[in-house]
Amino acid sequence: MRIAVTGSIATDHLMTFPGRFADQLVAEQLHTVSLSFLVDTLNVRRGGVGANICFGMGQLGTKPVLVGAAGADFGEYRAWLDRHGVDTGSVRISEVLHTARFVCTTDADHNQIGSFYTGAMSEARLIELKSVADRVGGLDLVLIGADDPEAMLRHTEECRSRGIPFAADFSQQIARMSGDEIRILLDGATYLFSNEYEKGLIENKTGWNDGEILDRVGHRVTTLGSRGVRIERTGEDPIEVGCAEETAKVDPTGVGDAFRAGFLSGLSWGVGLERAAQIGCMLATLVIETLGTQEYTLRRAHFMERFAKAYGDEAAAEVHKYL
């Protein structure tokens with residue numbers, strides 16, 4: 001099964017200031033602030049939902065196709081993804097804009113000052129999925145993740161017009177989308193991904209209740225935080241899968257992306273929905289134990305040992321042959 005993942009490609013530049021921002025602010029001069037902070041550390045982390053999902057799928061060996069836009073500074077990041085099993089041949093490289101990035105400084109009180117530069121992400125709307133499909137010999141599923149809003153709409157409409165199954169995954173962009181846009185993006189989706197809060201927000205903004213949304217999508221996949229995931233289909237009992245036990249909760253960033261990577265890999269292998277959700281939950285557990293969204297290592301024997309402990313030997317035997 002050939003799966004393309006559209007979504008943001010970005011880097012996070014995270015710095016720490018050993019003092020307190022509040023000590024540097026003069027109440028009478030807030031209308032003309034001019035400050036510079038000497039920071040102690042700088043961590044540059046690879047991110048973006050499209051790249052995060054593809055990295056996880058690459059770790060599982062399913063060779064995803066990343067579809068998004070980046071800048072000329074993407075070379076090192078591209079090499080990293082290529083080494084980890086991601087097809088980056090359909091990433092558009094902007095001639096004038098840098099790769100999207102989040103720049104954030106955190107002080108001793110955990111207050112933050114940050115900026116997000118969208119950069120080349122805005123050019124994702126210029127990517128045609130037909131050219132992607134032609135290059136790789138066809139697409140069986142396209143996940144439409146958080147990206148430039150115009151790109152999300154274009155990719156959704158193109159999937160409909162060309163008869164390509166698609167998965168709707170609004171995540172961070174849902175806050176800025178109108179009800180009309182959300183209706184367009186989810187109607188006819190084979191899969192609709194969200195967390196519990198986003199689920200309620202989708203229903204509130206569209207004016208459709210849970211049943212009405214289920215009538216418009218094939219499967220509704222809702223992540224439930226520490227309680228795992230629920231998969232719903234019209235006329236079927238819901239499937240609920242719990243999380244594998246984690247050794248530590250280090251950083252929740254990217255956990256949802258890792259679940260999607262595991263779930264989509266399971267679909268690619270042709271295992272059932274329950275098994276696909278278990279793979280997603282196991283991969284998400286590895287991410288929550290690691291600082292950074294793409295810093296975990298998937299060691300096959302270790303993965304299968306923990307998978308068997310969480311979901312049983314029969315489930316592990318079915319998954320093992322694909323790893």
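On a predicted model such as this, the values are computed, not experimentally measured, just so you know. What's counted below: heavy atoms across the whole structure, side chains too, no hydrogens, waters or symmetry copies.
Under the 3.5 Å distance criterion, the side-chain polar atoms of Gln173 are matched with a main-chain donor or acceptor of Asp147. Remark: the backbone N or O of Ile174 is not paired with any side-chain donor or acceptor of Arg176 at under 3.5 angstrom. Here the side chain of Asn52 pairs no donor or acceptor atom with the backbone of Thr293 at under 3.5 angstrom. When atom types are taken as modelled, the side chain of Tyr322 and the backbone of Val271 share no donor-acceptor pair closer than 3.5 angstrom. Thr234 places a side-chain N or O within 3.5 Å of a backbone atom of Leu214 that can act as its donor or acceptor partner. Looking at His13, its side chain never comes within 3.5 Å of a backbone N or O of Asn43 through a donor-acceptor pair. Thr290 places no side-chain N or O within 3.5 Å of a backbone atom of Gly292 that could act as its donor or acceptor partner. No donor-acceptor pair closer than 3.5 Å links the side chain of Asp109 to the backbone N or O of Asn111. Between the side chain of Thr6 and the backbone N or O of Leu143 there is at least one donor-acceptor pair closer than 3.5 Å. Side chain of Arg46 to backbone of Asp12: no donor-acceptor contact under 3.5 angstrom is found.
Around CD of Glu295, the count of heavy atoms belonging to other residues, nucleotides or ligands within 6.0 Å exceeds 12.
Pairs engaging residues 260-278 under the salt bridge (charged side-chain N to carboxylate O under 4.0 Å, His left out) rule: Asp169-Arg260, Arg275-Glu318 [sequence neighbours left out].
Salt-bridge annotation for Arg220 and Glu196: absent, with no side-chain N of the basic residue lying under 4.0 Å from a carboxylate O of the acidic one.
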Criterion ring-ring contact (aromatic ring centres under 6.0 Å, His included) on Phe55 and Tyr77, from CA distance to verdict = CA-CA 11 Å; Phe55 176 83; Tyr77 196 170; 9.3 Å; no

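By the rule that hydrophobic residues join a cluster once side-chain heavy atoms approach within less than 4.5 Å of another member, Leu129 and Val86 end up as members of separate clusters.
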